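Quick notes on the structure that follows.
All residue numbers in this chain count up from 1 along the given sequence. The structure presented is a predicted model; accordingly, all values stated were derived computationally and were not measured.
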Amino acid sequence: RSEQAGRHILVFVLDDEEAAGYFYHDLVQLSASDENILFFPSSFRRAVKYGQRDSANEILRTEVLGRISSPQASSSPLYLVTYPDAIVEKVTSKETLNEHLLHLQTGEAHNLTQLEQRLQDLGFRRRDYVYEPGEYAVRGSILDIYSYTYEQPFRIDFFGDDIESIEEVDSVSGQTISRYDSYKIYPANLFLTSQESQLQAIYQIENDLKEQEDYFMSIGKTLEAKRLHERVTYDVEMIRELGHCSGIENYSRYFDGRAA
């Protein structure tokens, strides 16, 4: 059990995804409302080592993290159901998550070029059209964003630099589903760190890389040393430039200070 702003969060960790799914279903059936019952899945469709992410699960994870990191008006407890594969995945801290939250509201003025850069900093990829979470598209004065926070993309319509309207749209037809006055966008990459932590992590990664390269060279494994150098150097450049890289969870211990 944990507490957040005076609100209890009861966490149930089941043996695996299937057991957690059944338990979550039973809990919903026993409850008058499922509003305070949350399911926290793994981001991956199969084992983490295969790297096959599941967009629907990433949406669920983002929703849950948003719920438990935001101040709540109600004092009713939250029930969170999960399993080991889901909770061992590294996520950013509550403070860093809120620090990187992007909040848009109708009537606000935003420079579209700067807003694009902010989305890229949050891990979003530019596309001609948005088809899945983590993408955004710009067409004239219209900005489409497919966030992990919602099941459908949102369309931000500008008049000059002012946000004229915010709409949730169908990802296939483009038809308006709902209209909103504001829109919260959580990072497309949930593994975020402060600038100071990032610099410290890069320093340690490069130190460990040098040690491992020297070890491979000392035992005559020149090819392994070259491959390791190329892979890790590329990852470090991505982290330095974008704040993340593919498979950044492999470097999690450097960001949270754990020993090897």
Side-chain angles (χ1 to χ4, degrees), residues 1-5 7-70 72 74 76-98 100 122-123 125 131-135 146-152 171 186-193 201 231 235 239 244-260:
R1 187 180 76 176
S2 68
E3 271 188 47
Q4 178 256 334
R7 188 179 196 185
H8 295 304
I9 302 175
L10 303 174
V11 182
F12 301 91
V13 183
L14 282 296
D15 290 338
D16 53 36
E17 182 179 10
E18 184 177 9
Y22 279 119
F23 185 81
Y24 171 77
H25 177 74
D26 290 344
L27 208 56
V28 169
Q29 294 296 106
L30 291 171
S31 174
S33 170
D34 63 355
E35 181 182 351
N36 293 329
I37 303 174
L38 309 174
F39 186 73
F40 191 66
S42 167
S43 299
F44 296 89
R45 195 169 299 163
R46 301 171 63 193
V48 174
K49 65 180 180 180
Y50 295 107
Q52 295 180 357
R53 291 188 174 273
D54 188 311
S55 295
N57 282 358
E58 290 185 302
I59 289 173
L60 273 179
R61 285 176 68 88
T62 307
E63 288 177 351
V64 170
L65 291 171
R67 284 285 301 278
I68 64 179
S69 64
S70 301
Q72 302 290 332
S74 171
S76 301
L78 287 173
Y79 302 92
L80 193 152
V81 181
T82 186
Y83 50 98
D85 284 351
I87 57 177
V88 296
E89 286 183 42
K90 175 69 178 176
V91 296
T92 188
S93 68
K94 169 186 169 182
E95 293 74 20
T96 305
L97 187 66
N98 286 330
H100 288 82
L122 294 179
R125 305 175 302 278
Y131 294 108
E132 59 183 36
E135 298 178 342
Y146 205 151
S147 167
Y148 285 98
T149 320
Y150 297 88
E151 294 184 3
Q152 296 290 345
S171 59
Y186 285 94
N189 167 39
L190 289 177
F191 193 101
L192 291 169
T193 62
R231 184 175 71 249
D235 288 345
I239 294 170
H244 60 91
C245 70
S246 177
I248 194 170
E249 58 272 7
N250 296 324
Y251 299 100
S252 62
R253 73 175 183 85
Y254 294 100
F255 292 95
D256 57 22
R258 286 184 286 114

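Taking the side chain as every heavy atom from C-beta outward, Asp16 and Asp85 never approach each other to under 4.5 Å. You'll find the side chain of Pro77 stays beyond 4.5 Å of the side chain of Asn36, heavy atoms only.
For Ser171, the side-chain hydrogen bond (donor to acceptor under 3.5 Å, both in side chains) partners are Gln152, not counting sequence neighbours. By the ring pair (Phe, Tyr, Trp, His ring centres under 6.0 Å) test, Tyr150 is found to be paired with Phe154, Tyr183, residues two or more places apart in sequence or in another chain being considered.
Nearest heavy-atom pair, Phe12 versus Phe23, reported as atom, atom and distance to 0.1 Å: CG-CE2, 3.6 Å. The two residues Phe40 and Thr82 come nearest to each other via the heavy atoms O-OG1, 2.8 Å. Minimum heavy-atom separation, Phe39 to Tyr83: CZ-CE2, 3.9 Å. Shown here for Ser147 and Pro133, the closest heavy-atom pair between the two residues is O-CB, 4.2 Å. Between Ala86 and Ser42 the shortest heavy-atom distance is CB-N, 3.5 Å.
Rounded to the nearest 0.5 Å, atoms CG (Leu80) and CD1 (Ile37) are 11.0 Å apart. Here the straight-line distance linking atom OH of Tyr24 with atom CD of Gln29 works out to 10.5 Å at 0.5 Å rounding.
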